[in-house]
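Okay, structure first, notes after.
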Protein chains: 2
Amino acid sequence: MPEKIKVYHLEDYKIMREGVKFLLSKDDEIEMVGGSKTADEVYSYLDKNKVDVLILDIYLDGLDVKTVDGFEVCSTVHKKYPDVKVIAHSVYDDADRVARIMNAGAVGFVSKKSGYEELVHAIKVAYTGKKYICIETSKKLKNLNEFLEGMVDTLRSENEFFSNREKEVLELLAKGYSSKDIAKELFITERTVETHRKNMVEKAKVKNTVELVAYASSRGFIKS
Amino acid sequence: MPEKIKVYHLEDYKIMREGVKFLLSKDDEIEMVGGSKTADEVYSYLDKNKVDVLILDIYLDGLDVKTVDGFEVCSTVHKKYPDVKVIAHSVYDDADRVARIMNAGAVGFVSKKSGYEELVHAIKVAYTGKKYICIETSKKLKNLNEFLEGMVDTLRSENEFFSNREKEVLELLAKGYSSKDIAKELFITERTVETHRKNMVEKAKVKNTVELVAYASSRGFIKS
DNA sequence: TAGCTTATCAGGGATTTCCCTGATTTTTGC
DNA sequence: GCAAAAATCAGGGAAATCCCTGATAAGCTA
């Protein structure tokens, strides 16, 4: 099967992250690789991992100290990680904000009033390098469609983070399984399981399995 | 099996309704019976059907003609359908709005910054006839506890589960620290650290530290 | 005051993880 | 079809965790 579109979600409301994560994961072509509520977490994730599409909540009022501005995040991501397509996801769908966010480098705009199919659609369109504005909003802003003009296609490379087998091991680790338990479950030897653990610890640059699971959990690698 | 708690959701953002519907449906005791974006749809549903809990987004800016006020909806529901427990679900978690909505007859308040487990918890508490305010918000309003006194039955404290010392240990564990490392950091013996770990593993009913961290992380006990 | 929780400390031993050294086979990408 | 990545397997030994048995002291509360 072809590689899935790797999607990261920046949004300060946890329940929204949780919901979107599930809804988008229903689509076979999409893989939710992470989600967080601060821009810094996004940057540090993007430094190490490949992400195709970033869903960005424009207004992050932020629990953290400094107030983060969604437009700024968008243009920073656009400059620093040009391969990442940004889709703005917002409750505000007025002309001014849509224009600003598209100028800041977003390739898509989806109102939160729209359902998840709109978001799925926007992601797929963005992935092909085109721009998209959700039906709801574009109806409202039909004079603004000049903004939807061609953009340069970007390159892509980088590698996957955890392999499928590693992810299987990871999930069982998070359930409290020992290497021996996992070996039985997956019909491989304990040694192999240990190798997978070791490799993941190295990849994630963490000290041990406990931190690995904390790391993976906070980035949404572990289902539950 | 006992009957499920029938939950209706009033919320003007479709994607949020979709997400919440799934997230809450994962719980065996909860049944999502409906959801809509206007108050009128709620009323007509309540006229014909039994609903135990109504999740109410306080500010419905509303695509529909007349602007609907969440506080008004709350008090209308409270008077007209006294058996329906209203839980306010909002992005605004300031003292003023919390107080107003509780006075308008809500039995629970959950910030959208909280995850779905908080909503699940609030629903179950509400169903038993008690009042509840989410951790996030009650932390924020802790100086205003005078006004919360008597108004709420369950101010779920974080200490409900792990003690402060245990949480300190937990945070360091999630950073990959060994018992020895933690002992140095906290100026206690390795043995004591081990006891804290053991106690947490027992409390959380998990198999080992790895699962403990996965458990804690998914419930937001670990900052980062 | 009696009982509960929290926080501290400890020995001994079984089990597990971690770390170093390797290796072969299978799958996948170009 | 070749090279790279992923998946498999292995020994040996140090370190850490896990599991059982305890204990003491402080603080809260009914």
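Heavy-atom basis, side chains included; hydrogens, waters and symmetry copies ignored. Chain identifiers are assigned alphabetically (A, B, ...) following the order of the sequence lines, protein sequences preceding nucleic acid strands; residue numbering begins at 1 within each chain.
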Terminal helix-axis angle for the helix from C:dT1-D:dA30 to C:dC30-D:dG1, with five pairs defining each axis and rounding to 10 degrees: 70°
side-chain contact (heavy atoms from CB on, under 4.5 Å) involving A:Tyr81 - partner list, sequence neighbours excluded: A:Tyr43, A:Leu46, A:Asp47, A:Val77, A:Val84
How close or far is atom [atom2] of [N] from atom [atom1] of [X], stated in whole angstroms?
X: A:Ile188; N: D:dA7; atom1: CD1; atom2: P; value: 10 Å
X: A:His196; N: D:dA5; atom1: NE2; atom2: P; value: 17 Å
X: B:Glu211; N: D:dT17; atom1: CD; atom2: P; value: 17 Å
X: B:Glu202; N: C:dT6; atom1: CD; atom2: C1'; value: 14 Å
X: A:Glu166; N: D:dA6; atom1: CD; atom2: P; value: 7 Å
X: A:Asn164; N: D:dA5; atom1: CG; atom2: P; value: 17 Å
X: B:Leu186; N: C:dT8; atom1: CG; atom2: P; value: 8 Å
X: A:Lys203; N: D:dA7; atom1: NZ; atom2: C1'; value: 11 Å

Whether over 12 other heavy atoms sit under 6.0 Å from A:Lys205 NZ: no
More than 12 heavy atoms from other groups under 6.0 Å of NZ on B:Lys21: no
Below 4.0 angstrom, N of the basic side chain to O of the carboxylate: do [X] and [Y] qualify?
X: A:Lys4; Y: A:Asp52; value: no
X: A:Lys124; Y: A:Asp27; value: yes
X: A:Asp181; Y: B:Lys207; value: no

A:Thr192 side chain vs A:Ile188 backbone, donor-acceptor pair below 3.5 Å: no
Partner of A:Ser179 by side-chain hydrogen bond (donor to acceptor under 3.5 Å, both in side chains), out of A:Arg197, A:Glu194, A:Glu190: A:Arg197
Summary of protein contacts for nucleotides 14-30 of chain C, nucleotide by nucleotide, where a base hit scores B, a sugar-phosphate-only hit scores S (4.0 Å, heavy atoms): --SBBB-----------
A:Thr189 side-chain N/O to D:dC9 phosphate OP1/OP2 under 4.0 Å: yes
B:His89 NE2 to B:Phe109 CZ distance, which is reported to the nearest 0.5 Å: 9.0 Å
